[in-house]
Amino acid sequence: MMRLNPINRRRLDNFRANKRGYWSLWLFGVLFFASLFAELIANDRPLLVQYQGELYWPVVQDYSETRFGGEFETLADFKDPYIQDLIHNQGQGWILWPAVRYSFDTINYDLSVPAPSPPSTDNWLGTDDQGRDVLARVIYGFRVSVLFALVLTLASSVVGVVAGAVQGYYGGKVDLLFQRFIEIWSGLPVLFLLIILSSLVQPNFWWLLGIMLLFSWMNLVDVVRAEFLRGRNLEYVRAARALGLGNRLIMFRHILPNAMVATLTFMPFIFNGSLVTLTALDFLGFGLPPGSASLGELVAQGKSNLHAPWLGITAFFALAIMLTLLIFIGEAVRDAFDSRKLKL
Amino acid sequence: MSETLVEVSHLSVRFEQDGQAIDAVRDISFNIPRGQTLALVGESGSGKSVTALSMLRLLPYPRASHPGGSIRYQGEDLLQADEPRLRQIRGDRIGVIFQEPMTSLNPLHTLEKQIGETLLLHKGLSGIQARRRILELLTLVGLPDPASRLGSYPHELSGGQRQRVMIAMALANEPELLIADEPTTALDVTIQEQILELLARLQQQLGMAILLITHDLNIVRRHAHRVCVMYQGEIVEQASTEALFAAPEHAYTRRLLDAEPSGTPAEPPAEPQDIISTNNLRIWFPVKKGLLQRVTEHIKAVDGVSLQLSRGQTLGVVGESGSGKTTLGLAILRLIRSEGDILLEGKSIQGLAQKQIKPLRRQLQVVFQDPYGSLSPRMPISDIINEGLEVHGIGENAAAREQLIIDVLQEVGLDPASRHRYPHEFSGGQRQRVAIARALVLKPRLIILDEPTSALDRTVQKQIVELLRELQRRHRLSYIFISHDLAVVRALSHQLLVMKQGKVVEQGPAARIFEQPEQEYTRQLLKAAFR
């Protein structure tokens with residue numbers, strides 16, 4: 001196990017002391033970890049099939065119908081009663097389904113009512129207006145949102161910390177020019193850029209990430225810069241310079257840990273912000289490509305199908321729970337780094 | 001005269017944190033007679049300030065508590081008094097002066113408002129009446145030209161002037177007891193004396209009692225009637241001032257009295273060998289004004305200092321705050337830009353780029369004033385010491401470096417087994433030893449000591465001075481010793497350089513200057529320091 005210095009140990013204790021935040025972290029962690037295996041939870045293919053004494057893994061491998069005694073060379077559709085019949089009777093086998101028998105893009109054709117259909121034993125949270133299972137879409141949408149926010153937060157933190165560090169540490173002209181650049185850059189309208197861009201290219205996950213990154217790195221620059229401005233005059237930094245340490249080593253070893261306090265405190269909130277931004281873009285239709293699972297698209301569906309309240313309610317709770325958990329975690333992190341509670 | 005004003009009996013103060021109880025003050029008793037000065041003396045952490053603050057119930061309750069005892073102010077127990085009654089007493093019957101005149105005045109209020117507030121609260125004075133009283137008070141505390149100062153803000157005043165304003169505030173309602181918590185520690189020596197004389201004069205005029213809290217025995221000797229010596233939360237000795245200084249009874253008191261840095265500097269090597277010299281060194285900060293940011297004038301932090309130091313010797317640099325001592329040290333280290341030549345062993349280091357300086361840093365080391373600030377709180381001390389070794393490639397492998405660290409810790413008198421601990425686990429004196437070890441491990445020729453003892457208690461100061469002297473003898477080190485504390489400087493320096501407002505007032509062999517100062521300013525400094 002990593003050897004923690006006493007300050008960090010105290011912080012960890014402080015974090016744990018905030019019960020709400022601590023449990024939120026666990027809950028969120030479990031949800032996120034589970035969603036990483038969404039294919040095993042919600043899928044239109046069985047996890048495991050036994051046919052004539054042999055095991056098949058439709059989740060990871062494609063099988064044609066002929067493998068199970070069908071007639072066509074096409075991909076086996078395990079929801080088809082004909083195939084199911086073949087496996088059960090002819091093959092003396094069985095099928096192991098995931099908990100939700102729909103993937104995010106599976107269209108349920110045998111709905112008893114026109115889509116959107118209300119919750120049923122088959123579609124636990126109902127279907128959307130294209131007959132797709134809402135629960136499956138929430139699970140996949142959650143995964144995409146969190147991954148997007150995670151990558152964006154990490155990337156923009158790295159860029160922001162580096163930019164803030166350089167500005168704060170060197171100060172003077174570097175600082176002045178960089179500050180003016182940031183002022184101009186932050187004046188660019190992000191949303192318009194995205195709208196213009198989405199007419200030029202089909203924005204996918206990485207496109208969106210790149211564009212958002214161009215603007216979101218500025219969040220942290222100010223705090224990190226202030227921290228470095230202060231840090232470069234600390235006596236132990238001066239002592240390190242007198243020892244002959246190079247600039248990079250001083251920045252990394254002596255000042256960065258101070259700046260990390262501010263960074264880590266901000267991170268959960270930046271994370272929340274990125275999440276909401278992606279949802280908003282999806283809601284407006286400038287986000288992920290059509291058909292992909294996204295919470296924003298679900299919100300939009302809820303709005304346009306007010307007669308199907310399960311859409312709006314699901315979207316609301318999915319977002320509300322996720323964001324609330326993250327805020328609780330953020331508060332706990334903030335408490336943990338609060339220097340007033342760290343009297344050593 | 002000796003009627004008792006405040007009677008503290010069996011007072012205890014306990015702090016609770018994370019379920020742990022710390023007894024800051026244990027069962028102390030003393031009396032403050034009307035119109036006299038009682039001094040509470042002790043080192044930092046001995047419970048002096050806590051005692052004073054509990055008299056006004058200003059501790060962070062409920063984290064702090066009083067498991068026992070009473071504080072009777074004219075017979076009334078302040079520990080039992082309720083909040084409205086306490087508010088009546090605070091600032092009215094009992095006034096307080098705090099240590100830091102920089103931070104204990106509200107920076108956004110004018111002097112008139114600062115002092116007027118307490119007059120309004122306790123006396124209901126406002127308008128012209130209040131102004132008249134404020135002027136009277138400011139005249140009383142000797143603030144020059146008080147009428148024009150009424151609209152000034154604290155930052156427009158010097159440290160000594162601010163302390164005078166603090167005193168004026170404390171005296172506004174003619175309190176019967178004035179608590180002075182280290183009233184002069186943050187001030188320069190010449191101003192310290194003025195403030196203390198002012199307090200003594202005011203005491204005579206107004207007949208108030210003073211509870212003087214200090215760690216400086218010189219002040220106690222001159223200004224207190226009675227002394228309580230505190231040690232680790234207890235009063236170990238209590239006597240009249242004459243009796244205490246004539247015949248200290250407790251071992252700790254004797255140690256405290258004996259802690260005055262003494263002795264003479266180490267014998268320098270016979271053949272002088274130049275280690276460092278500067279020629280007309282200047283550090284001017286430009287003041288820019290106007291639209292075009294034209295340089296209109298310069299703040300001359302260091303103005304034309306020439307010095308010269310031989311191997312194995314110490315150059316003491318003394319002066320009051322703002323005289324440019326520290327700036328001079330940083331310039332010699334090439335940590336700030338300066339003009340004029342700096343020669344290290346005859347070679348100029350002024351024009352060198354930072355890369356070329358780097359190898360020379362090994363020979364040119366520094367120990368800073370604040371042992372709490374100069375060690376990174378995130379690294380165990382072995383890493384802190386190791387850092388320099390790594391940068392300069394000393395010691396061929398980790399094991400060899402470890403051995404060097406163990407050796408140097410032993411040399412500065414620390415237990416090598418403690419090297420994996422973090423700075424906060426050490427006391428101030430021990431931390432300063434770590435800082436010295438960090439410099440020493442590189443085997444430098446010259447160490448710049450920037451007020452290395454000012455943040456430490458007297459008894460610890462003495463140990464550090466002795467350590468420095470011993471190290472100098474053993475390694476033929478040269479020191480540039482920057483300090484405002486002339487007693488410490490005298491115990492270490494061969495040469496002396498007196499600075500005032502960036503300029504050299506007097507320089508030469510230390511012994512001669514201490515015996516026969518030539519300049520008036522030097523005489524003043526010496527007079528304030530040794531009496």
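Quantities reported herein were computed from a predicted structural model and do not represent experimental measurements.
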Counting heavy-atom pairs under 4.5 Å to chain A, which of B:Val366, B:Leu330, B:Leu442, B:Leu335 comes out on top?
-> B:Leu335
For chain A, the option from B:Arg438, B:Lys355, B:Glu387, B:Arg362 that forms the most heavy-atom pairs under 4.5 Å =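 Among the listed options, the one with the most contacts to chain A is B:Glu387.
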When you look at B:Thr453 and B:Gln432, which way does the side chain to side chain donor-acceptor pair (under 3.5 Å) test go after all the steps?
-> CA-CA 8 Å; B:Thr453 57; B:Gln432 203 57 293; over 6 Å; no
In Å, rounded to the nearest 0.5 Å, how long is the span from CG of B:Leu352 to NZ of B:Lys347?
-> 10.0 Å
N/O donor to acceptor pairs below 3.5 angstrom from side-chain atoms of residues 223-231 of chain A, sequence neighbours left out:
residue	atom	partner	partner atom	Å
A:Arg225	NE	A:Asp175	OD1	2.7
A:Arg225	NE	A:Asp175	OD2	3.3
A:Arg225	NH2	A:Asp175	OD2	2.9
A:Glu227	OE2	A:Arg230	NE	3.3
A:Glu227	OE2	A:Arg230	NH2	2.7

Under-4.0 Å salt bridge between B:Glu402 and B:Arg419 |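 B:Arg419 and B:Glu402: salt-bridged.
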What part of A:Asn247 gets closer than 4.5 Å to chain B, counting heavy atoms only: side chain, backbone, both or neither?
->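 Neither part; nothing is under 4.5 Å.
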Contacting region of A:Arg238 [heavy-atom separation from chain B under 4.5 Å] =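 When you check distances to chain B, atoms from both the backbone and side chain of A:Arg238 fall under 4.5 Å.
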